[in-house]
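Report on the structure given below.
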Number of protein chains: 2
Amino acid sequence: MSCAQPYALQLRARGYRMTPQRLAILHVLHHSGKHLSPSEVYQQACVELPGLTETTVYRTLEFLTENGLARPAYMGSGHLVYEIAGHEHHHLKCRICGHEMEVRHDLLKTLYRQLESESGYRLTDSHVTFIGLCPDCQKGE
Amino acid sequence: MSCAQPYALQLRARGYRMTPQRLAILHVLHHSGKHLSPSEVYQQACVELPGLTETTVYRTLEFLTENGLARPAYMGSGHLVYEIAGHEHHHLKCRICGHEMEVRHDLLKTLYRQLESESGYRLTDSHVTFIGLCPDCQKGE
DNA sequence: ATTCTTATTGCAACTTTTTACAATAGTATA
DNA sequence: TATACTATTGTAAAAAGTTGCAATAAGAAT
């Protein structure tokens, strides 16, 4: 749980508390390195903290998202998955084999500026997932 | 239900059938002009076709999506909403007042090309929603 | 018009996600 | 170290969404 201290400070600075439940969930996300569904988070965090409930997992994932410690992604399955918040990025997923790759956020910078000047909005966030065919799956077309 | 014929032909061409259930749901989407949640679709379509079940609504929305007649959008609420498929577009939503505006797809064309050449993927689809502050809500900051 | 094929539906059971509320437990302060 | 404040949790129940399967009905063929 060596990853805990910075998270605890961030929460406390906002008037929230660090709890064993949040710690277990953060730990799972932090060390997983990939997207996890709420039930995957629940199963893994339960190992570290027996007695954890699914209700708490859902609530905590939403809470961490609101506070910038986790990021949800809609990967086309109809359900949200979560990952630890780190560098801002997006995803590109193959509709056939399911292979995923990251899309650097700076590729969207130009678009962001263009959108802001056209719309008058100030952009703060985005949910972006691209779907397509990876090089391998294009061959088998 | 004057909007039915073209839809029926599209489905039949793919080996599927037009049914009263699908017609009612398409009708609701077609004439709504905005995003609807599955339960909103259910309620409205039920008026036209009493006896319709929620199961069928969920299944039909997914079916229409797969066949290009409806489009799902993830609007940041954690739940999918649907609209009739027409011109391809994306969304920009104010995180405070909820106001939504459309983003033309051609604004993403450059990004698409860039992504394709960098990744080797062929892009076929995307789930894109931008979140920000609309001009009005920026004032109240 | 009738028959046949099978895509589609409704039902019922099940899983996932959300909500309300009382009990618990972080953490700031004395 | 003890106390107080209130953020957070677990419980239970409701709501939303999914799945398997037998019955139905769209539409092609006769």
Side-chain angles (χ1 to χ4, degrees), chain A residues 1 4-5 7-28 35-46 48-67 69-70 72-82, chain B residues 1 4-5 7-28 35-46 48-67 69-70 72-82:
Chain A
M1 299 277 184
Q5 204 58 19
Y7 294 136
L9 293 175
Q10 281 186 70
L11 292 186
R12 232 168 287 163
R14 290 169 170 247
Y16 300 116
R17 300 170 183 172
M18 180 52 82
T19 65
Q21 291 85 349
R22 287 177 180 169
L23 200 47
I25 291 167
L26 279 164
H27 189 246
V28 165
H35 294 123
L36 296 175
S37 68
S39 91
E40 288 169 328
V41 171
Y42 169 70
Q43 284 165 23
Q44 296 183 28
C46 250
E48 300 179 25
L49 189 72
L52 179 68
T53 64
E54 284 176 291
T55 301
T56 296
V57 170
Y58 283 109
R59 267 192 302 225
T60 300
L61 289 171
E62 191 183 343
F63 169 85
L64 294 175
T65 297
E66 280 167 4
N67 288 281
L69 302 188
Y74 170 63
M75 296 303 293
S77 68
H79 289 261
L80 288 178
V81 290
Y82 293 83
Chain B
M1 300 276 185
Q5 204 58 20
Y7 294 137
L9 293 176
Q10 281 187 68
L11 292 186
R12 231 166 289 161
R14 290 169 169 248
Y16 299 116
R17 299 168 184 175
M18 181 53 82
T19 65
Q21 291 85 350
R22 286 177 182 171
L23 201 46
I25 290 167
L26 279 164
H27 189 246
V28 165
H35 294 124
L36 297 174
S37 68
S39 92
E40 288 169 328
V41 171
Y42 170 70
Q43 283 164 23
Q44 296 183 28
C46 251
E48 300 180 26
L49 188 71
L52 179 68
T53 63
E54 285 177 288
T55 302
T56 296
V57 170
Y58 285 111
R59 266 192 301 225
T60 300
L61 289 171
E62 190 183 344
F63 169 85
L64 294 175
T65 297
E66 279 168 4
N67 288 281
L69 302 187
Y74 169 64
M75 296 304 291
S77 67
H79 290 260
L80 288 178
V81 290
Y82 293 83

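Model, not experiment: these values are computed from the prediction. Letters go in sequence order (proteins before strands), and every chain restarts at 1. Side chains are part of it too, since the values below use all heavy atoms of this structure and drop only hydrogens, waters and symmetry mates.
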Can you see if the side chain of [X] gets near the phosphate of [N] - specifically, an N or O under 4.0 Å from OP1 or OP2?
{"X": "B:Tyr58", "N": "D:dT18", "answer": "no"}
{"X": "A:Arg59", "N": "D:dT9", "answer": "no"}
{"X": "B:His79", "N": "D:dG17", "answer": "yes"}
{"X": "A:Thr56", "N": "D:dT8", "answer": "no"}
{"X": "A:Gln21", "N": "C:dA25", "answer": "no"}

Between [atom2] of [N] and [atom1] of [X], the distance in whole Å:
{"X": "B:Phe63", "N": "C:dT9", "atom1": "CZ", "atom2": "C1'", "value": "13 Å"}
{"X": "A:Arg22", "N": "D:dA7", "atom1": "CZ", "atom2": "P", "value": "11 Å"}
{"X": "B:Glu66", "N": "C:dA7", "atom1": "CD", "atom2": "C1'", "value": "14 Å"}
{"X": "A:Leu49", "N": "C:dA25", "atom1": "CG", "atom2": "P", "value": "12 Å"}
{"X": "A:Gln43", "N": "C:dT16", "atom1": "CD", "atom2": "C1'", "value": "13 Å"}
{"X": "A:Gln10", "N": "C:dT27", "atom1": "CD", "atom2": "C1'", "value": "18 Å"}
{"X": "B:Tyr42", "N": "C:dT9", "atom1": "OH", "atom2": "P", "value": "15 Å"}
{"X": "A:Arg14", "N": "D:dT8", "atom1": "CZ", "atom2": "P", "value": "12 Å"}

To the closest 0.5 Å, what do you measure between OG1 (B:Thr60) and CG (B:Leu69)?
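Taking OG1 in B:Thr60 and CG in B:Leu69, the distance rounds to 11.5 Å.
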Hey, could you give me the OH/OG1 distance between B:Tyr58 and B:Thr53, rounded to the nearest 0.5 Å?
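Here the rounded value is 11.0 Å.
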Does any non-hydrogen side-chain atom of A:Glu48 lie less than 4.5 Å from one of A:Val28?
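Side chain of A:Val28 against side chain of A:Glu48, heavy atoms only: contact under 4.5 Å found.
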First of B:Thr55 and A:Tyr16 reached from the 5' end of DNA chain C, by closest nucleotide
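Result of the comparison: B:Thr55.
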A:Met18 vs A:Pro38, nearer the 5' end of DNA chain C by closest nucleotide:
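So the residue in question is A:Pro38.
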Side chain of [X], heavy atoms from C-beta onward: which of [options] has the nearest atom to it?
{"X": "A:Arg12", "options": "C:dT27, D:dG17, D:dT9", "answer": "C:dT27"}
{"X": "B:Arg17", "options": "D:dT18, D:dT6, C:dT6", "answer": "C:dT6"}
{"X": "B:Thr19", "options": "D:dT18, C:dT8, D:dT9", "answer": "C:dT8"}

Taking any heavy-atom pair under 4.0 Å as a contact, classify B:Glu54: base, sugar-phosphate, or nothing.
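Counting heavy atoms under 4.0 Å across all strands, no contact is made by B:Glu54.
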Which is true for B:Gly78 with a 4.0 Å heavy-atom rule: it touches a base, it touches only sugar-phosphate, or it touches nothing?
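Result for B:Gly78 = nothing.
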Cationic tip of A:Arg22 above A:Tyr7 ring, under 6.0 Å, 45° of axis:
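Verdict for A:Tyr7: no cation-pi partner in A:Arg22.
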For B:Leu23 and B:Met18, which heavy atoms make the closest approach, and how far apart are they?
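Nearest heavy atoms, B:Leu23 then B:Met18: N-SD, 3.9 Å.
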